[in-house]
Amino acid sequence: MSTATTHGHAHDHHDDHHGPAKGLMRWVTTTNHKDIGTLYLVFALVMLFVGGAMALIIRLELFQPGLQFVNPDFFNQMTTMHALIMVFGMIMPAFVGFANWMIPMMIGAPDMALPRLNNWSFWILPFASGILVSTLFMDGGGPAGGWTLYPPLVLQTGNAFPFAIFAVHLLGMSSIMGAINIIVTIMNMRAPGMTLLKMPLFVWTWLITAYLLIGAMPVLAGGVTMLLTDQFFGTSFFSAAGGGDPVLFQHIFWFFGHPEVYIIILPAFGIVSQIIPTFSRKPLFGYDSMVYATASIGFLSYIVWAHHMFTVGMPLAGMMFFMLSTMLIAIPTGVKVFNWLSTMWRGSLTFETPMLFAIGFLFLFTIGGFSGLMLAITPADFQYHDTYFVVAHFHYVLVPGALFGALGGAYYWLPKWTGHMYDETLGKVHFWMSAIFVNVTFFPQHFLGLAGMPRRIPDYATQFADWNMVSSIGAFGFGFAQLLFVYVVIKCVRGGKPATAEVWDNPEGLEWTVPSPAPYHTFDEAPVIK
Amino acid sequence: MAAAPRNPSRPGDDDAVVARRIRRTAWLLGLLAVVFYVGFIAATALRS
């Protein structure tokens with residue numbers, strides 16, 4: 001368990017001559033980890049609404065059976081782009097933003113190890129995302145074959161195809177560069193005395209996430225490069241007619257895609273592991289086991305990929321292996337849930353907004369985990385596959401899982417970033433609206449899936465009408481609730497009750513030893529860790 | 001743009017040692033990513 005404290009308070013004495021540049025160029029040329037963290041977070045928030053608007057178009061169309069608002073091809077573009085934007089443009093950049101802001105402060109480093117690479121990693125993102133969104137306006141529309149980009153369907157994309165592939169390459173490059181920076185920073189920039197097993201859990205989860213990124217993103221890049229050469233250079237990697245194998249792409253995609261799930265969720269685990277001890281007023285229960293559980297999840301994430309493709313056909317031994325390896329992940333995940341609950345057990349609990357989001361995460365992510373276990377059972381998966389049950393499952397993991405983790409982290413560290421306390425009442429209203437509407441949106445999708453409603457369709461049989469209507473109402477409620485979050489953030493940035501250095505009641509970690517807002521440069525002189 | 005000031009993670013290491021270690025780790029990780037990228041394409045090509 002990290003018991004790091006600092007003797008050195010040498011954080012703010014360079015402020016007067018190393019402050020930020022003025023104007024727009026501050027943000028274009030900045031190499032400061034806090035500036036770049038802010039850029040990532042603001043960008044992710046913007047993309048949350050871009051991807052969210054696409055989700056609302058999907059739910060609007062599905063409000064009633066029949067075709068109402070959009071044609072089927074555009075509907076398919078929306079499902080594809082919503083996923084690509086939310087995964088690559090929103091949730092991953094959001095957690096990289098947290099990493100940029102918090103990792104140097106948590107390990108007592110003055111900045112990221114490679115600040116210029118850091119700037120480049122960020123600035124690739126808006127261009128890549130811009131290219132991706134622009135495909136919607138190209139001849140033939142954007143990619144519409146799903147975010148999995150399976151051939152041969154994806155090869156039917158119009159002029160947008162090479163642009164979408166280029167955008168995915170750029171987004172992958174940005175992620176890999178960010179991951180390199182994070183690993184290098186953690187391995188080389190820790191303050192003296194900050195041993196690996198004294199690092200805060202958030203740093204640990206990001207270290208493992210960064211390794212997953214370096215292992216997984218090049219695989220996706222390789223896969224989409226081969227799609228590109230199949231389309232334009234006459235190769236037949238995935239074309240059966242030319243001797244290739246379209247199923248091979250699915251293996252390649254999911255060899256990337258399953259670690260990607262943990263790339264998204266592990267940083268949220270880390271944030272929740274910071275929040276729960278603070279508001280339980282107890283050290284994290286089972287710190288070492290948390291670290292080992294995270295590492296186990298990281299390892300297991302590489303040997304479960306084919307559970308996404310049971311229905312494609314594979315040998316019985318393959319099905320058994322991937323079913324059992326998938327179920328194994330429940331063990332380290334269960335260790336984590338047990339440790340979070342044990343941290344709260346007999347703690348002096350208070351329920352400020354970050355804690356509410358952490359507890360919401362705990363309950364609702366676990367629902368997503370359990371439905372994941374159901375999907376892991378091969379014969380059952382034959383029934384669930386490609387139904388709304390799967391949509392419900394992964395949205396429980398990603399929205400009240402990853403997104404709630406990010407929102408909880410934002411509330412937790414906002415006072416440290418801005419120097420002001422956010423409006424607690426509005427924060428709680430935001431939480432309860434989000435928690436209620438996320439369930440109204442996604443819980444009925446379990447029923448729809450079990451009743452046989454397929455995913456990725458713009459129209460459906462009338463027996464699915466009622467729960468679809470409920471789900472759409474929930475989606476609009478959830479979307480509007482996030483506008484409240486924007487208001488809370490803007491209000492907090494503009495003013496509010498001044499935050500103390502500690503912000504909360506005796507929280508643990510180096511970030512709480514620096515003033516609020518955190519000075520532009522922190523830890524120019526290394527703190528001493530006990 | 002100046003690189004960030006660095007602090008040694010191990011007592012006794014000076015800035016130059018840490019900077020060298022940072023560069024070496026970064027290049028190795030970058031190389032690893034390139035090997036994965038090329039390796040997966042090559043492996044798929046051999047199988048197709």
Side-chain angles (χ1 to χ4, degrees), chain A residues 14 29-33 104 107-117 119 173 176-177 179-181 183-185 187-194 210-211 213-219 221-223 225-226 229 235-239 242-245 248-249 252 255 521 523-527, chain B:
Chain A
H14 285 314
T29 61
T30 184
T31 53
N32 181 283
H33 72 102
I107 63 172
D111 205 310
M112 297 295 281
L114 304 155
R116 279 170 283 196
L117 187 78
N119 172 290
M173 273 174 57
I176 290 169
M177 291 193 300
I180 289 173
N181 212 347
I183 293 173
V184 171
T185 302
M187 298 314 288
N188 295 291
M189 303 274 286
R190 280 172 286 125
M194 174 73 76
Y211 276 111
L213 275 166
I214 288 177
M217 294 308 292
V219 180
T225 300
M226 287 183 270
T229 60
T235 59
S236 300
F237 288 110
F238 310 121
S239 163
D245 181 2
L248 188 58
F249 179 85
I252 290 172
F255 190 79
H521 293 290
F523 301 123
D524 283 350
E525 289 171 27
Chain B
M1 284 177 284
R6 297 184 172 104
N7 56 339
S9 55
R10 296 173 206 174
D13 287 352
D14 62 21
D15 280 3
V17 173
V18 178
R20 198 161 50 242
R21 199 184 298 138
I22 284 172
R23 279 198 300 274
R24 197 172 55 215
T25 320
W27 278 112
L28 276 173
L29 290 168
L31 187 66
L32 193 65
V34 172
V35 167
F36 283 164
Y37 174 69
V38 176
F40 262 83
I41 294 176
T44 311
L46 289 173
R47 194 185 178 282
S48 298

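Residue numbers begin at 1 in each chain, while the letters A, B, ... track the order of the sequences.
Heavy-atom distances place no part of L213(A) under 4.5 Å from chain B, backbone and side chain included.
Pairing each heavy atom of F36(B) with each of P218(A), the nearest pair is CB-CB, 3.7 Å. Shown here for N188(A) and V18(B), the closest heavy-atom pair between the two residues is O-CG1, 3.9 Å. Of all heavy-atom pairs between M226(A) and I41(B), the closest is CE-CA, 3.9 Å.
Rounding to the nearest 0.5 Å gives a distance of 6.5 Å between CG of L32(B) and CD1 of I214(A). Taken to the nearest 0.5 Å, the OG1 atom of T25(B) stands 10.5 Å off from the CD1 atom of I180(A).
Of all the listed residues (I176(A), T185(A), V219(A)), the one sharing the greatest number of non-hydrogen pairs under 4.5 Å with chain B is V219(A).
Shown here are the side chain to side chain donor-acceptor pair (under 3.5 Å) partners of Y211(A), two or more places apart in sequence or in another chain: there are none.
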